[in-house]
There are 2 protein chains.
Amino acid sequence: MNQSDELERRAGVALWLQIKEQLQSQILSGTIRPGTRLPPEPDLADQFGVNRHTVRRAIRALSDDGLVRAEQGRGTFVQEHGIDYLIGARTRFSENITRAHRDPRAELLASRDAPPDEVVAIGLGMAKSDLCLVMETRHFADGAPLSIATNYFPRSRFPDLEHHFLEHHSITAALRAVGIADYLRHVSRITARMPDEREAGHLRQAI
Amino acid sequence: MNQSDELERRAGVALWLQIKEQLQSQILSGTIRPGTRLPPEPDLADQFGVNRHTVRRAIRALSDDGLVRAEQGRGTFVQEHGIDYLIGARTRFSENITRAHRDPRAELLASRDAPPDEVVAIGLGMAKSDLCLVMETRHFADGAPLSIATNYFPRSRFPDLEHHFLEHHSITAALRAVGIADYLRHVSRITARMPDEREAGHLRQAI
DNA sequence: GTCCGCTAATAGTCTAGACGTATTTGGCGT
DNA sequence: ACGCCAAATACGTCTAGACTATTAGCGGAC
């Protein structure tokens with residue numbers, strides 16, 4: 001299928017840019033679906049009738065724009081936007097992100113000790129006089145902020161959970177580090193509302 | 001000056017990354033000053049003992065990070081950044097500029113003796129009949145004008161502050177010369193407005 | 001004195017090829 | 001059936017060289 005994708009040589013527009021734009025329009029129009037693999041670089045080079053390096057230059061530009069994601073040894077994939085976030089008893093943020101072939105990471109926005117409010121106290125089976133470790137966390141996929149969360153833990157049971165979290169950048173990994181290999185959701189309650197100003201800032205979102 | 005900048009080959013770290021990091025640390029430490037031109041790509045390639053393409057890969061990474069700016073036909077320049085001007089009780093113009101690895105200097109635009117207006121009189125605890133030394137100064141970073149200021153001092157306490165200022169090109173140094181080793185800000189009030197014609201001229205600014 | 005054009009310097013693009021590294025696949029042996 | 005190992009596949013890095021595009025500076029023609 002050589003030369004089906006015509007490029008103009010010495011037209012004042014770099015070949016790699018023309019290639020990038022052709023691929024980009026195919027991606028944006030959905031001709032190449034999110035999650036699918038692009039043809040290997042040597043094939044593309046053959047298709048466009050250029051050197052592999054020229055194709056690589058185009059792919060790097062697409063990658064910089066976040067349209068594709070190149071994985072060494074596997075291929076180059078059209079980036080999915082929007083992640084199907086499956087919620088079950090064993091839901092883990094990292095697993096959901098990893099399933100979408102993206103890189104999960106979390107950071108600690110703030111942590112403090114505070115008495116639990118009624119909902120938390122009942123949920124965790126704590127006395128209201130016991131202290132809670134409250135961690136506010138922000139979660140990223142491929143460096144883009146995706147969610148913020150407020151996590152409550154009985155302080156007496158987790159004396160250094162924050163340190164483990166800071167080290168592993170994951171709640172699941174931090175819990176594993178303190179001996180909790182697995183845990184289940186007891187209830188999941190979902191509501192929706194607009195972010196307030198502080199939350200929007202954390203999510204780099206316009207209000 | 002070949003090989004003065006040692007790279008580790010096949011150390012698991014790409015050569016271009018090592019080059020990027022060396023250049024980056026020189027830029028961030030101020031060894032290569034903002035606004036100056038980097039050596040041409042062929043020279044850098046020779047210096048690092050690599051191919052020009054490898055240097056280009058490093059420069060592109062720096063460019064992506066906004067640390068340099070490559071201009072075809074002219075060269076690659078270290079990007080000038082605005083200066084973070086920290087204001088605290090012990091703020092000094094020179095320190096703020098020095099922290100940004102730039103060269104502070106101040107000059108005297110005008111000086112005169114005048115009675116203080118009400119705000120100044122109260123601020124300095126002077127009688128309205130006492131005289132103030134009023135110094136209008138202009139401050140530079142690396143030769144570029146950055147700010148103009150009007151400074152008020154009780155004349156009785158500083159009989160020749162102007163001369164010391166002219167000698168040291170710094171308010172802090174002039175005060176030190178008359179025995180004031182340290183001083184604190186009592187209040188800082190910040191407002192913003194457009195410059196008038198005279199001010200714009202001093203700052204070499206278009207209105 | 002001004003303008004034009006030539007030349008040198010410098011970054012940008014493209015090709016060609018070799019080798020490195022990560023991942024997947026499939027066959028072979030136990 | 002399972003696991004291990006080798007080959008195939010795919011992206012990543014590095015080198016070498018040629019050509020292009022843009023800019024700055026200089027010198028000559030007018």
Side-chain angles (χ1 to χ4, degrees), chain A residues 2-3 5-23 32 35-79 98-99 101-103 142, chain B residues 2-3 5-23 32 35-79:
Chain A
N2 255 16
Q3 308 311 81
D5 315 278
E6 315 262 320
L7 303 181
E8 285 184 56
R9 296 184 98 99
R10 54 201 69 204
V13 181
L15 291 179
W16 68 262
L17 226 194
Q18 298 181 49
I19 293 172
K20 181 205 164 185
E21 282 167 355
Q22 287 205 14
L23 293 175
I32 313 178
T36 61
R37 212 190 66 188
L38 254 51
E41 292 168 357
D43 294 11
L44 283 174
D46 191 38
Q47 226 178 91
F48 285 108
V50 300
N51 191 274
R52 182 180 153 222
H53 289 299
T54 306
V55 168
R56 280 180 62 71
R57 180 73 183 81
I59 288 181
R60 190 159 41 72
L62 290 171
S63 174
D64 288 346
D65 289 353
L67 264 67
V68 304
R69 154 181 43 90
E71 297 184 21
Q72 186 171 2
R74 304 222 311 134
T76 301
F77 301 85
V78 178
Q79 191 64 271
T98 304
R99 186 179 310 118
H101 300 289
R102 300 173 75 167
D103 181 35
D142 277 352
Chain B
N2 255 14
Q3 308 312 81
D5 315 278
E6 314 263 319
L7 303 181
E8 286 183 55
R9 296 186 99 100
R10 52 201 74 203
V13 181
L15 292 178
W16 68 262
L17 226 192
Q18 297 180 51
I19 294 171
K20 181 205 165 185
E21 281 166 356
Q22 288 205 16
L23 293 175
I32 313 179
T36 60
R37 212 191 66 186
L38 253 50
E41 292 169 357
D43 293 13
L44 282 175
D46 191 37
Q47 223 178 94
F48 286 108
V50 301
N51 190 274
R52 181 179 155 224
H53 290 299
T54 306
V55 168
R56 280 181 61 71
R57 181 74 183 81
I59 288 181
R60 202 185 41 225
L62 289 171
S63 174
D64 288 345
D65 289 354
L67 265 67
V68 304
R69 154 181 43 92
E71 298 184 22
Q72 186 171 2
R74 304 221 311 134
T76 301
F77 300 84
V78 178
Q79 193 66 271

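For clarity, every value in this text was computed on a predicted model and none was experimentally measured. In the text below, chain A, chain B and the rest are named by the order of the sequence lines, each starting its count at 1.
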Phosphate OP1/OP2 of C:dT23: any A:R37 side-chain N/O under 4.0 Å: no
Rounded distance in Å - CG (B:D46) to P (C:dA9): 16 Å
Measuring from atom CH2 of A:W16 to atom CG of A:L62, what distance do you get when rounded to the nearest 0.5 angstrom? 9.5 Å
Sorted by chain and residue number, the side chain to side chain donor-acceptor pair (under 3.5 Å) partners of B:R52 (sequence neighbours excluded) come out as B:E41
Check: A:H53 and B:H53 side chains under 4.5 Å, non-hydrogen atoms: no
Knowing that exactly one of A:E8, A:R9, A:R57 qualifies, which makes a side chain to side chain contact (heavy atoms under 4.5 Å, CB included) with A:L15? A:R9
For B:R74, the side chain to side chain donor-acceptor pair (under 3.5 Å) test, sequence neighbours excluded, returns B:E71
To the nearest 10°, give me the bend of the helix from C:dG1-D:dC30 to C:dT30-D:dA1, comparing the axes of its five terminal pairs at either end. 10°
Distance test, side-chain N/O of A:T76 to OP1/OP2 of D:dA10, below 4.0 Å: no
Give me the atom names and distance for the closest heavy-atom approach of B:K20 to B:A58. N-CB, 3.7 Å
Roughly how many Å is it from CZ in A:F77 to C1' in D:dA10, rounded to a whole number? 10 Å
Measure the distance from CZ on B:R69 to P on C:dT10 and round it to the nearest whole Å. 16 Å
Taking atom P of C:dG12 as reference, at what distance in whole Å does atom CG of A:L15 sit? 17 Å
If you check the B:Q72 side chain, which of D:dC14, D:dT22, C:dA22 turns out closest? D:dT22
For the pair made of CD in B:Q18 and C1' in D:dC14, what is the distance, rounded to whole Å? 13 Å
If you measure from CG on A:L38 to CZ on A:R69, what distance do you get to the nearest 0.5 Å? 11.0 Å
With a 4.5 Å heavy-atom cut-off, do B:I59 and B:L44 have their side chains touching? yes
Rounded off to whole Å, could you give me the CD-to-C1' distance for the B:E41 and C:dT13 pair? 12 Å
Polar atoms only, N or O, under 3.5 Å: list the protein pairs with nucleotides 24-26 of chain C and their distances.
unit_1	atom_1	unit_2	atom_2	d
C:dT24	OP1	A:R74	NH1	3.2

Which of residues 51-58 of chain A sit near DNA chain C, with a heavy atom under 4.0 Å from it? A:N51, A:H53, A:T54
Do you know the tightest heavy-atom contact between A:T76 and A:A70? OG1-CB, 3.9 Å
Who pairs with A:Q72 by side chain to side chain donor-acceptor pair (under 3.5 Å), at least two apart in sequence or on another chain? none
If I take atom CG in residue A:L44 and atom P in nucleotide D:dG12, what distance separates them, rounded to the nearest angstrom? 13 Å
Nearest heavy atom decides the nucleotide; on that basis, is A:A14 or B:D43 closer to the 5' end of DNA chain C? B:D43
Distance in Å, A:R56 CZ paired with A:T54 OG1, rounded so as to fall on 0.5 Å steps: 11.5 Å
Answer yes or no: is there a side-chain heavy-atom contact under 4.5 Å between B:L67 and B:V78? no
Roughly, in whole Å, what's the span from CD1 in B:I59 to P in C:dA11? 7 Å
